[in-house]
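Quick notes on the structure that follows.
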Amino acid sequence: MNRHAIRHRLSLVVLACVVAVWLAALYGCFRHASREVQEWEDARLVEYAMLIARLDAADIARFAQTPPNAQFEIARPNAPASQWDQDALPRDVLLQVLESNGASVASSLPAAASAVAAAAVPGAAPRDVNIDGTPWRFYELRDGGTGRVVRVMEMANTRSDLVTGIAWQIVWPLLVALPVLALVLWLAIGRALVPLRTLSATIRARDAKSLTPLAIAAVPAEVKALVDAIDQLLAQLRQSLVRERAFTSDAAHELKTPLAAIKVQAQVALSADDPALQRLAMQRVVQGVDRSARLAEQLLLLARLDEHERIPARAVHLGELIDDAVARHLAHAHEKGIALRAHVQSEHAIEADPVLIGILLDNLIDNAIKYGVTRGNVKVSLFERGERQCLAVRDDGPGVAPADLARLTDRFYRGTGAQAPGSGLGLSIVERIAHYFNGVLTLRAGNGNGEGDGNSDANGNGSGDDGDRRGLAVMIEFPALRETHHDDLARSGTAAT
């Protein structure tokens, strides 16, 4: 695009607006001046009629023989005829005077005007008539003192050039000023676009790695909005790069551990002569590979959630997904001697993606089982709180230190003294999925009940038997889709020990 495109466009638009307004003003002035001149000429024609009505018969006869000249201007004797305008040409006023009894006093009207004169209405305003193809301005007066009827007319095709003169007086200063105005506009618009050129030069001179604010002072409000938007974009890019670098660094660090363990166990299997020792080493290699694969899956899921493309959502019933998730983890809970229970008290749907909600439930239940105690309990609850669906997962493990509670959702963060293996991504994924579907995640030390059964307060603190401060309670509130269900499903869940 032309580097002067804005300048050219603005100049042309402003000039076009000026010319359009100027033409409209010229047209209005011309119409108004034409109307005023016509009224003035009609008034002069009426004055001729009034003057002639008061003359005696001899004077009227002379005016009939030598019609008065109604021209406005006098021709200059030394000027050539080509320079004469229309008002310098003769404009004879023709007349006809009748006595009160209809007798003619004098007349200079052409014979063809008799029909027009016969149809005239005395005292009516002057009007245009056509006689033998020639336009005339005609007026008839009945004098109240003498009773005479006076008819006067003049040719209408030699109009006054007063209107043209007035229009020209308006036009010529603008014609002279238009090039000057175009030059002034060009310079003024160029001056106004200086901040844009400064902004372009500043951006062009920046290093590709520099994401600091532009810091351009004294710019117009319109350009400041652009500068602020660019600064905001640079700030978002800085944050994105910081997160990406931290994520890459942490991911690399986390992947080193299982890979190093796999290498060690593979070396043990290669060097050991005892088949039992070799088998144990290979089992640990498989465990390390599983851990690495899960870590890779979680990293890919986080990358997918961070994409700008929106994941489609539909109506999802959490109760059904909870039952499926509990069934998937029963064997794992049984191995550790943990009772895994589901308690569903609501059948309203939420708007979400069932696959992502399943991953959310898997992470919550897996964490609860992983950090739970042998012969302990893990409870998955679903209940209503106003217009929201509340999902809660509670365990009775050793709990989390208050200082660690606020950081549990940070990526790769693991609480102080964490004994179970893990990558520190589970709750981070849970929080990201919850926020993706307008959910609110709350972490609370202790595993007290909070199903909204009348024994819990607004914060979900219950008065059940297991309301001590051990364990961890994770609660997510989703906006509920208000729809009617015709089946009363009050399920009290599945239990396993």
Side-chain angles (χ1 to χ4, degrees), residues 254 257-258 261-262 265 276 279-301 316-345 352-383 391-400 408 414-415 418-430 433-434 447 449 451 466 470-476 489-497:
E254 290 296 325
T257 302
I262 291 172
Q265 295 301 324
R279 180 178 180 80
L280 178 61
M282 292 307 298
Q283 287 177 344
R284 290 176 177 172
V285 168
V286 172
Q287 291 175 355
V289 171
D290 290 340
R291 182 185 174 189
S292 299
R294 176 167 174 77
L295 178 59
E297 290 176 357
Q298 290 178 323
L299 290 173
L300 291 174
L301 177 61
V316 172
H317 295 279
L318 284 176
E320 299 173 0
L321 297 180
I322 289 174
D323 288 344
D324 294 340
V326 168
R328 287 195 298 271
H329 291 271
L330 278 177
H332 185 198
H334 182 73
E335 291 176 1
K336 198 168 181 180
I338 291 176
L340 175 60
R341 296 179 295 127
H343 187 65
V344 178
Q345 292 182 310
D353 176 68
V355 176
L356 291 181
I357 296 299
I359 294 173
L360 177 145
L361 289 168
D362 287 341
N363 277 279
L364 289 177
I365 296 174
D366 183 70
N367 268 4
I369 294 173
K370 187 186 300 182
Y371 294 101
V373 295
T374 305
R375 293 185 296 278
N377 296 278
V378 171
K379 186 177 182 180
V380 183
S381 306
L382 178 65
F383 55 93
L391 169 67
V393 177
R394 300 174 177 84
D395 65 69
D396 52 5
V400 179
L408 285 184
R414 306 189 67 210
Q419 300 298 323
S423 62
L425 288 175
L427 287 178
S428 177
I429 292 175
V430 167
I433 294 175
N447 63 349
N449 294 323
E451 288 86 344
D466 54 354
R470 293 179 296 109
L472 177 69
V474 182
M475 181 180 294
I476 304 174
L489 297 176
R491 293 168 300 176
S492 126
T494 306
T497 59

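Numbers here are sequence positions counted from 1. In what follows, every heavy atom counts, from backbone to side chain, and hydrogens, waters and symmetry copies are set aside.
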Checklist entry - Got a second to check how far K370's NZ is from N363's CG, nearest 0.5 Å? => result 8.5 Å
Checklist entry - Step by step, would you call L356 with I359 a side-chain contact (heavy atoms from CB on, under 4.5 Å)? => result CA-CA 5 Å; L356 291 181; I359 294 173; 4.3 Å; yes
Checklist entry - More than 12 non-hydrogen atoms from neighbouring residues, nucleotides or ligands closer than 6.0 Å to CZ on R375, yes or no? => result no
Checklist outcome for this item: Here the pair of heavy atoms bringing I322 nearest to L361 is N-CD1, 3.9 Å
Item to check | Where V326 and L340 come nearest, the two heavy atoms and their spacing | outcome: O-CD2, 3.7 Å
Next on the checklist: Is the shortest side-chain heavy-atom distance between V430 and I476 below 4.5 Å?
Outcome noted: yes
Next on the checklist: Let's go through L427 and L364 carefully: what are the C-alpha distance in whole Å and the side-chain angles of both, what is the deciding distance for side-chain contact (heavy atoms from CB on, under 4.5 Å) to 0.1 Å, and is it a yes or a no?
Outcome noted: CA-CA 7 Å; L427 287 178; L364 289 177; 4.0 Å; yes
Checklist entry - Which pair of heavy atoms, one from K336 and one from G372, lies closest together, and at what distance? => result NZ-O, 3.1 Å
Checklist entry - Taking all non-hydrogen atoms of both residues, which atom of I433 and which atom of L360 are closest, and how far apart? => result CG2-CD1, 3.8 Å
Checklist entry - At their closest point, which heavy atom of A352 faces which heavy atom of V316, and how far apart are they? => result O-CG2, 3.4 Å
Checklist entry - Run the side-chain contact (heavy atoms from CB on, under 4.5 Å) check on D395 and I369 step by step: do they pass? => result CA-CA 7 Å; D395 65 69; I369 294 173; over 6 Å; no
Checklist entry - Distance from L391 atom CG to L321 atom CG, nearest 0.5 Å? => result 10.0 Å
Checklist entry - Does a donor on one side chain and an acceptor on the other come within less than 3.5 Å for H329 and D362? => result yes
Checklist entry - A325 and I365: which non-hydrogen atoms are nearest, and at how many Å? => result CB-CD1, 3.8 Å
